Structure formats: structure tokens, C-alpha cells
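Written below as C-alpha cells is the structure these notes are about.
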Amino acid sequence: MNLTYRHLVLCVSVAGVLVNAFDPFTTTVFVGVGAALGRTIYRYFQESCNAEWIAFNATGLHADLELKLFGQHIASRIVLKAVSGFMSNNNPKKPLVLSLHGWTGTGKNLMSKLIAENIYKEGMDSSFVHVFTSELHFPHAQQIETYKSELQRWIKGNITNCAQSMFIFDEMDKMHPGLIDSIKPYLDYYDKLDGVSYRKAIFIFLSNAGGIDIIETALEFWRDGRQREEIQLKDLETSLSLSVFNNKQSGLWHTSLIDKNLVDFFVPFLPLEYKHVVLCAMAEMKAKGTEPDQSVADQVAKDLVYFPKTERVFSVKGCKTVESKLDYYT
Ligand SMILES: *[C@@H]1O[C@H](CO)[C@@H](O)[C@H](O)[C@H]1NC(C)=O
Ligand SMILES: *[C@@H]1O[C@H](CO)[C@@H](O)[C@H](O)[C@H]1NC(C)=O
């Protein structure tokens with residue numbers, strides 16, 4: 001490096017000007033203002049448990065359900081009503097407990113994401129939204145006792161931090177029944193447990209339980225030449241009943257939750273048809289910021305496998321693999 005005399009003079013004079021400008025008094029004021037500003041900015045960006053960060057947008061949820069979730073007229077209606085009712089109640093008697101049921105790729109995860117995004121400014125990234133997956137958080141059956149106390153501690157700790165916390169339990173079918181038992185007290189009608197009120201929290205359970213029965217009902221409607229939109233909740237009630245859940249396959253966890261009426265809403269997700277997969281692909285392209293292309297969407301939908309073998313009505317994996325297929329075609 002070739003540092004000349006002229007550079008040196010320049011440096012020294014710049015330093016001089018700086019030192020002159022920041023006499024002790026100015027510097028103090030400056031640092032003071034800076035710190036205050038810093039604190040404000042920090043508070044502004046740091047997510048807090050208040051209405052600035054947590055506020056339900058019913059219009060937003062309604063719009064999202066129309067634009068982003070396809071083929072689920074029953075689930076959309078139930079969830080919008082349930083969440084709107086709960087969020088507009090200043091004094092709920094118990095936490096909101098939703099149990100989402102349906103086959104793979106039908107939109108259960110998407111639904112929980114849309115709920116979170118329309119309550120928390122930070123959506124799924126919010127520090128008040130907690131997702132638990134059996135395989136990730138509670139993988140070893142022999143450690144069940146540790147998991148139980150850990151989970152209780154987490155729920156209590158997080159709700160103590162912020163009453164309006166949300167807990168999503170993915171793949172409930174794989175969850176150890178003992179774990180579910182350990183959270184039951186928090187879902188119940190208690191004013192307070194150990195001084196903590198759980199009544200403003202939201203619990204969402206995702207599972208495949210009842211999924212096959214839901215498919216059978218949807219298939220019956222299709223075979224009778226009836227519109228999918230004609231299917232009503234009452235047509236699926238047996239699919240979501242104790243008799244169906246009460247077998248080993250779908251896990252025993254449901255029995256005790258249903259027995260005690262801790263679940264407020266059972267939300268069925270219908271199997272998706274070709275046209276829904278096309279819509280998923282179009283929405284996915286839009287979300288990625290590329291121009292939605294009908295022929296690409298058709299290509300993606302054609303690539304998927306449909307069942308039953310003869311009629312090929314419903315996508316085996318719903319919209320689950322649409323995203324990776326799109327990467328392949330675009
Ligand atoms: C609620 O959602 C709607 C539709 O997405 C949006 O236009 C509106 O700005 C949102 N309101 C608030 C307060 O965020
Ligand atoms: C909140 O839950 C998370 C798990 O999602 C856990 O890691 C954390 O320790 C909990 N916080 C408190 C204060 O218990």
C-alpha cells in the first residue's frame with residue numbers, strides 16, 4: 001500500500017474535525033439520544049405479547065381461506081366461525097381446541113399456518129406459536145416421563161409469558177397417549193391452574209384419524225353424481241366419532257379427549273381432486289412470484305397418482321408434492 005504524505009494530512013485533518021465536532025457535551029447528548037432511539041427501535045422490532053403483535057384479522061382469514069385453501073368448504077366454514085368466535089370473546093371459559101382430521105396433503109398444516117398468520121403479525125415465526133411433532137420432539141417411547149414433564153413445563157412457561165399462545169401438535173396419531181394425558185388439564189374448564197390461566201390459548205391437533213372414513217363418504221357422493229359442496233358436516237359425523245377413533249390404528253389418544261369434551265371442534269378435510277391440485281399449483285407459482293401457468297399446473301396435476309384405481313378421483317398425496325414437482329417443471 002502506498003500511503004503518501006497527502007493521505008496522511010487528510011486523515012489527520014478529518015480526525016481533527018471529528019474530535020472538534022464531538023465535544024464532551026454534544027457527545028453526551030448524542031449518546032443519550034442514540035440510546036433512547038435504540039431502545040425504541042428494539043421495542044418496535046422485538047415481538048411482544050400485546051395488540052400490536054397479536055390481533056385477529058377475520059377479513060384476512062376469510063380471504064386466505066378463499067384464495068389459498070382449496071376444496072375444503074366444511075373445514076373453512078368451521079374454522080372461520082370457531083376462531084372468530086373465540087377471538088372476539090374477551091373472557092373465554094376454556095382454551096380453543098381444534099382437531100383437524102384428514103388424509104395427507106389435504107391442507108391441515110396450511111390451515112394452521114393461515115390461522116397463525118391472521119392472529120400473529122409474525123405468523124408461524126412468532127415466538128408465541130409452538131409446533132410439536134412426535135418424531136422431532138418426543139421420539140423415544142422409553143423417555144415418556146421426561147417428555148411429559150418437559151411438555152407441561154413448556155406449555156405452562158409459554159402461557160405464563162403470553163396468555164395468547166398457540167400450540168400445534170402435528171401427527172397426533174404418532175403421539176404417545178401418555179403425553180396427551182399430560183396436557184389434558186390445560187384444555188379443560190379451569191379458571192386457573194397453579195395461578196396460571198390457560199383460557200386464552202389455542203391448541204390445534206392434526207391427525208389422519210378418520211381420514212379413510214372421510215374419503216369413503218366423499219367417494220359415495222361422487223359415485224351418486226352429487227356435488228362435493230353438498231357434503232355437510234353431519235354426513236361426516238360418524239367419520240369423526242368415537243367408534244372410528246377408538247381403534248389402535250388411529251391411536252387411543254382421542255378417546256380421553258372426546259370423553260371429556262375437551263375438543264371444541266372436529267374439522268374434517270376432504271380428499272382433493274384433480275382440479276384442486278391444479279389450483280394448488282397455480283397458487284404455489286403465484287406465491288413464488290412467478291406468473292401462474294395453466295399448462296404447467298396441468299402437467300403437475302397429471303403427474304400425480306389418483307385413487308381408486310378404476311375411477312381415479314382423488315389425489316393420493318393431495319397437494320403435498322406439488323411444490324417439488326413445480327421445481328422440476330419450471
Ligand atoms: C386484514 O386482512 C385484509 C385482507 O388480507 C387486509 O387487507 C387488511 O389490511 C388486514 N388488516 C389488518 C389490520 O392487518
Ligand atoms: C416454550 O416452548 C418452547 C418449545 O416450543 C420451549 O423450548 C421453551 O423453553 C418454552 N418456554 C418457556 C418459557 O417455557
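Bear in mind that the values here come from a model prediction, so they are computed numbers and not experimental data. Ligands are counted one by one from 1 in listed order, and the atoms in each one are counted from 1 as well. Numbers for residues simply follow the sequence, beginning at 1.
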**OP:** Please say whether N158 places an N or O atom under 3.5 Å from an N or O atom belonging to ligand 2.
**Re:**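 Right, the criterion is met.
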Original post:
Is it true that the side chains of S134 and E171 contain a donor and an acceptor less than 3.5 Å apart?
Top reply: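 There is no such pair (donor and acceptor under 3.5 Å, judged by atom type) between the side chains of S134 and E171.
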Original post:
Among D170, N208, I168, which residue meets the side chain to side chain contact (heavy atoms under 4.5 Å, CB included) test with K108?
Top reply: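 When side chain to side chain contact (heavy atoms under 4.5 Å, CB included) is applied between K108 and each of D170, N208, I168, only N208 qualifies.
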Among all protein heavy atoms, pick out the one at the shortest distance from [atom]; state its residue, atom name and that distance to 0.1 Å.
atom	value
atom 4 (C) of ligand 1	G60 CA, 3.9 Å
atom 5 (O) of ligand 2	H130 ND1, 3.2 Å
atom 14 (O) of ligand 2	G157 CA, 3.5 Å
atom 8 (C) of ligand 2	W154 CD1, 3.9 Å

Subject >> Side chain, backbone, both or neither: the part of V131 lying under 4.0 Å from ligand 2 by heavy atom >> reply: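 It is neither; nothing of V131 touches ligand 2.
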Original post:
When you look at K156 and D194, which way does the salt bridge (charged side-chain N to carboxylate O under 4.0 Å, His left out) test go after all the steps?
Top reply: CA-CA 9 Å; K156 186 175 177 187; D194 299 333; 3.8 Å; yes
Original post:
For the ring pair H176 and Y147, is the centre-to-centre distance below 6.0 Å?
Top reply: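 For H176 and Y147, the ring centres are not under 6.0 Å apart.
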**OP:** With salt bridge (charged side-chain N to carboxylate O under 4.0 Å, His left out) as the test, would you mind laying out the steps for K286 and E291 before giving the verdict?
**Re:** CA-CA 6 Å; K286 206 168 158 193; E291 189 65 31; over 6 Å; no
Subject >> D235/R226 under salt bridge (charged side-chain N to carboxylate O under 4.0 Å, His left out): CA gap, chis, key distance, verdict >> reply: CA-CA 13 Å; D235 299 311; R226 298 172 71 185; 5.8 Å; no
Subject >> Pick from L67, L61, N57: the one approaching atom 6 (C) of ligand 1 most closely through a non-hydrogen atom >> reply: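 Result: the heavy atom closest to atom 6 (C) of ligand 1 is in N57.
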Subject >> Within-4.5 Å side-chain heavy-atom neighbours: P308 and R223 >> reply: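 Yes, at least one pair of side-chain atoms sits under 4.5 Å.
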Original post:
Can you find a protein heavy atom under 4.0 Å from atom 2 (O) of ligand 1?
Top reply: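 Answer yes: something from the protein, a heavy atom, is under 4.0 Å.
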Subject >> N161: numbered ligand 2 atoms lying under 4.0 Å from its heavy atoms >> reply: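 That gives atoms 13 (C) of ligand 2.
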